[in-house]
Amino acid sequence: MELLVVSIFAGLWYWICKTDIGYAITHAIRQPLFAALPIGLIMGDVKQAMIIGAAVQILYIGLVAAGSNLPADDCLAGLIAIPIAIGSGLTPALAVAIAVPVGVMGVFVDQLRKTVNVIFVHMADRYAEEGNTRKIVLASVVYPTALSFFFRFPIPFFAILYGADAVNSFMNSIPEWLVHGFSVAGGLLPALGFALTMFVIGKKELFPWFIIGYFLVQFSGIPVIGAAIFGLCAVLLITYYNNNKKNLEV
C-alpha cells in the first residue's frame with residue numbers, strides 16, 4: 001500500500017511540476033531535495049530520503065536550461081531514484097547512479113512530448129484565423145496539459161511500483177565488484193554538479209568564495225545551514241560596501 005501511494009504521488013508530482021504552472025514555484029518544488037521530504041514522509045524514513053535527495057540534488061545543482069532545454073530531467077531523476085533507493089536499501093551513491101540514466105531518459109520523453117505538441121500549435125493557428133479565442137485556449141493550454149499527463153504520470157508510477165523489486169533482484173544477481181564500481185561512479189558524479197556550478201559562477205573574482213564555502217563546510221564541522229547564513233551575511237556586507245564605494249566616487 002505504501003509503495004502504491006508513493007507511486008501515485010510521484011506520478012502526479014511529476015506531472016504538476018512539469019506543467020510549469022507558476023513557473024518559478026514548479027521549478028523550485030521539482031528539485032530532488034524538495035521532493036525527498038514528502039517521499040520520506042510517505043515511506044516513513046524522512047532522514048534517509050533527505051540524505052539520498054541531497055546526494056541526487058548535488059548532481060543537478062548547477063543545471064542550466066539553455067534554450068529552455070535541460071540536459072537532464074532532475075525532477076524525474078529524484079522522484080524515481082529516491083523511493084527506489086529507500087525501498088531497496090541502496091546507498092546514496094548507488095541512488096545517484098540510478099538517477100543519471102533516468103534523468104537522461106526524461107529528456108527524450110520531453111522531446112517526444114514537444115514534437116507531438118506541434119499538432120496543437122497548428123490547431124491554435126487555425127483557431128486564431130477564425131478568431132475563436134476559446135478554442136485557442138483549449139489548443140494552447142488545456143490539450144497540451146492533458147496530453148502531458150499521459151506522458152508524465154506513467155513513468156514514475158510504474159518505475160516505482162515495480163522498480164524496487166526489479167532493483168533488488170538485479171542487485172542480488174550482479175557480482176560484488178560491479179556493485180562497488182557503481183558506488184564509485186555514483187560518488188564521482190556529484191563532481192559534475194560542482195563543475196557546472198563553477199561554470200555558472202563564471203566570474204573569476206567570485207570563484208574564491210566558492211572554495212571558501214566548500215572547505216568551510218568540509219573542515220569546520222558547521223552544518224550547511226550555518227554556512228548558508230555566513231554566505232548571506234558576506235553577500236550583504238559586500239553589497240553594502242560596494243554601494244558605499246560607488247556613492248563616495250559620485
Side-chain angles (χ1 to χ4, degrees), residues 2-14 17-18 28-63 70-109 152 154-197 217-218 223-224:
E2 174 189 284
L3 205 57
L4 178 61
V5 173
V6 76
S7 299
I8 294 172
F9 163 79
L12 291 174
W13 194 258
Y14 184 47
C17 289
K18 299 299 282 188
I29 65 175
R30 79 183 189 188
Q31 299 302 316
L33 187 56
F34 189 99
L37 177 59
I39 290 173
L41 290 172
I42 295 171
M43 302 190 74
D45 194 347
V46 174
K47 179 181 177 181
Q48 187 63 14
M50 296 302 291
I51 291 172
I52 295 171
V56 176
Q57 182 69 65
I58 291 173
L59 182 63
Y60 302 107
I61 197 169
L63 208 61
L70 286 169
D73 193 333
D74 50 349
C75 181
L76 185 64
L79 287 173
I80 290 180
I82 295 169
I84 285 182
I86 295 174
S88 303
L90 302 180
T91 64
L94 285 175
V96 171
I98 292 173
V100 173
V102 171
V104 174
M105 179 188 69
V107 175
F108 290 111
V109 172
R152 308 290 191 191
I155 300 173
F157 177 79
F158 289 110
I160 296 169
L161 195 60
Y162 300 107
D165 292 337
V167 169
N168 277 329
S169 301
F170 174 72
M171 296 302 293
N172 291 332
S173 65
I174 60 177
E176 183 64 29
W177 62 267
L178 188 55
V179 174
H180 180 68
F182 283 149
S183 298
V184 173
L188 292 174
L189 286 170
L192 177 61
F194 284 111
L196 287 170
T197 302
V217 173
Q218 284 292 104
V224 176

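- Under the side chain to side chain donor-acceptor pair (under 3.5 Å) criterion, Gln31 pairs with Gln57, Asp74, not counting sequence neighbours.
- A distance of 13.0 Å separates NZ in Lys47 from CD1 in Ile86, rounded to the nearest 0.5 Å.
- Listed here is the closest heavy atom pair of Ile52 and Ala95: CG2-CB, 3.5 Å.
- For the residue pair Ile39 and Gly78, the shortest heavy atom distance occurs at CD1-O, 4.5 Å.
- Atom CG of Leu94 and atom OG of Ser88 lie 10.0 Å apart (nearest 0.5 Å).
- The structure places OG of Ser7 at 9.5 Å from CD1 of Ile42, a figure rounded to the nearest 0.5 Å.
- Contact between Ile29 and Trp13 at its shortest, heavy atoms only, is O-NE1, 3.2 Å.
- Atom CG of Leu90 sits about 5.0 Å away from atom CD1 of Ile98, to the nearest 0.5 Å.
- A 4.5 Å side-chain heavy-atom check between Phe9 and Ile160 finds every atom pair outside the cut-off.
- Closest of all the heavy-atom pairs between Ala99 and Ala81 is CB-CB, 3.8 Å.
- Contact between Leu4 and Leu161 at its shortest, heavy atoms only, is CA-CD1, 4.0 Å.
- Between atom OH of residue Tyr162 and atom CG of residue Leu3 there is a gap of 10.0 Å, rounded to the nearest 0.5 Å.
- Met50 and Leu37 get closest at one heavy-atom pair: SD-N, 3.7 Å.
- Inter-residue side-chain proximity for Ile155 and Ile80 is flagged as met; some heavy-atom pair is nearer than 4.5 Å.
- Separating the CD1 atom in Ile51 from the CG atom in Leu33 is a distance of 11.5 Å, to the nearest 0.5 Å.
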